[in-house]
Amino acid sequence: VKDDSRVSFLGASGLARLRASRVTVVGAGGTGSHVIQQLAHLRIGLLTVFDDDALAESNVNRVVGTDYGDVGRPKARLLARRFARLGTPIVPMTRRAEGPEAWRAFAASDVVVGASDSFVTRDVIERMCRTVGVPLVDMGLSIAFDGERVNGIGGQVAISILGGPCLRCMRVITEARLAAPREQYGQGSPEQQVIAMNAILSGQAVLSVLALITRYTNGFPVPALAQYDGLQHVLAPTPLRLPDVCPHYPEGDSGWRVVLPERKAS
Amino acid sequence: MVSFLNAGWAWFTEQFRRPVPALRSPVTVHISDALFGRVRSFVVPDARPEPLALVHVRYAAEDVRDAIVAVDAEPFPPDAYVEGPDGANFDVRWFVQRANDLVARNAGVMLAHMHVHRGLPCFSGIDRRTNISVISPLASCATVPTGALVLSLDHCAAFIAGEERDVVVRVLPRYSEGGIFA
């Protein structure tokens, strides 16, 4: 496949940056699968996918690129094979995004995309991304459903980047949410019809990735937080009133701290 | 009986299993756009032909020595320079003492200076001699990284003690008021 930068709105330099870029996606579920598919189509330099889960039957209605014959197979490997022929090298990591492999993948990435439904995981990957200074594009969707009717559909795409607000500043991560097991799609059946909502959020997330890598927006700011209201059918940037400096991640406090033994007074 | 045979088979196969080599990626120094700007402001030639700065660095994680994070920077104080025939002459005793102080604060040092040209800079012969004779010996303290940074007007390269080749420096994007790239 030939690149023709004359017809790409990214231009020659933007297209070159895209082709050389490395992105890591954490989570190959409802939202992560959309992101993986779109990044595979965009033909980036390297895509690394972390997910330690196998595909469950209840996942098939929202994990794009899968069918019922794939149930029981590791999602990361499954999607890497499914989208392998689109031109993006995809490295599946069938493990949790922690430990040296995750550190190395994050440190070598231009952007990390967080598509996990666990707030604890999202908190951990944000800490790792902030440490190595790599932007994190995080997304999540939740539905308030009381068993009879939907009371709210909310989601967000948040960019956590050095010098800017973190997920705690943006109230995406709170202590109450960290105590909750997972982002809720609603009570009852685990099979939820959220594929279209996931597509909206993941589309915005991939646009954020594209903007961070290629800077195609021509000076127009990329919103740090875009919130989705599924009942109003609106995805809009959210103005942030934030402290000048993020109190949760002081920049000079980054990196691994060695605990040295106390010096004895001579 | 079955479990005994399984344990025996596991022990037997273990004898032929080679240890998996640890994944290793190229060493990279990560520095934020703002901190990089500060380092640049410290080392731009002014009254002194080759001003120097110290960049404070740490490993990203305990078991990840190939991602190095720059966390702070400071210019050399005037009394840390000495007169000599070469462009940059500094008091090695002051440098070693400062590096020792920073180890106690969990940070290693990278000695930064600038070559005034455009394009990717490389260390000169004098720089490399300094790297070998002054900076590499400091790396005996393996809990923190040690190295040197050379900036040009638009690029940067780094030396990390223990690495055979110059390492890549990644200048990382930053938030601006109202969004990113505003």
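Note: hydrogens, waters and symmetry copies are ignored here, and every other heavy atom, side chains too, is used. Source: prediction; values computed, not measured. Chain letters run A, B, ... following the sequence lines, proteins first and then strands; every chain starts at 1.
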Student: Could you check whether any side-chain N or O of A/Arg104 sits under 3.5 Å from a backbone N or O of B/Val64, counting only pairs where one atom can act as donor and the other as acceptor?
Tutor: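 Checking the backbone N and O of B/Val64 against the side chain of A/Arg104, no donor-acceptor pair under 3.5 Å is found.
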Student: Is any side-chain heavy atom of B/Arg65 closer than 4.5 Å to one of A/Trp256?
Tutor: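 In contact.
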Student: Please classify the contact between B/Asp63 and chain A as side chain, backbone, both or neither, with a heavy-atom cut-off of under 4.5 Å.
Tutor: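 For B/Asp63, backbone and side chain are both near chain A.
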Student: Can you tell me if B/Arg170 uses its side chain to pair, donor with acceptor, with the backbone of A/Ala107 under 3.5 Å?
Tutor: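 Yes, B/Arg170 side chain to A/Ala107 backbone: donor-acceptor pair under 3.5 Å.
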Student: Between B/Ala60 and A/Trp103, what is the shortest heavy-atom contact and its length?
Tutor: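 The answer is O-CH2, 3.8 Å.
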Student: What pair of heavy atoms forms the shortest contact from B/His30 to A/Val132, and how long is it?
Tutor: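 Heavy-atom minimum between the residues: ND1-O, 2.7 Å.
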Student: Heavy-atom count around A/Arg77 CZ within 6.0 Å, excluding the residue itself: above 12?
Tutor: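 Check fails, neighbour count at 12 or below.
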Student: Sort B/Ala34 into side chain, backbone, both or neither according to what part of it lies under 4.5 angstrom from a heavy atom of chain A.
Tutor: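 The answer is neither part of B/Ala34.
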Student: For A/Gly163 and B/Tyr175, work out which heavy atoms get closest and say how close.
Tutor: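 Shortest heavy-atom separation between A/Gly163 and B/Tyr175 comes out as C-CB, 3.7 Å.
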Student: Drop me the distance from A/Leu162's CG to B/Ile31's CD1, to the nearest 0.5 angstrom.
Tutor: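 If we round to the nearest 0.5 Å, A/Leu162:CG and B/Ile31:CD1 are 11.0 Å apart.
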Student: Quick one: what part of B/Ser32 sits under 4.5 Å from any heavy atom of chain A, side chain, backbone, both or neither?
Tutor: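 Both parts, backbone and side chain.
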Student: Please check if atom CZ in B/Arg128 has more than 12 non-hydrogen atoms from other residues, nucleotides or ligands closer than 6.0 Å.
Tutor: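 Yes, enclosed.
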Student: Side chain, backbone, both or neither: which part of A/Pro100 has a non-hydrogen atom closer than 4.5 Å to chain B?
Tutor: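 Interface part for A/Pro100: both.
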Student: I need the minimum non-hydrogen distance between A/Ser254 and B/Val69, along with the two atoms involved.
Tutor: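 Taking A/Ser254 first and B/Val69 second, the nearest heavy atoms are OG-CG1, 3.8 Å.
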Student: Name the member of A/Gly255, A/Pro135, A/Pro239 that forms the most heavy-atom pairs with chain B at distances under 4.5 Å.
Tutor: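 That would be A/Gly255.
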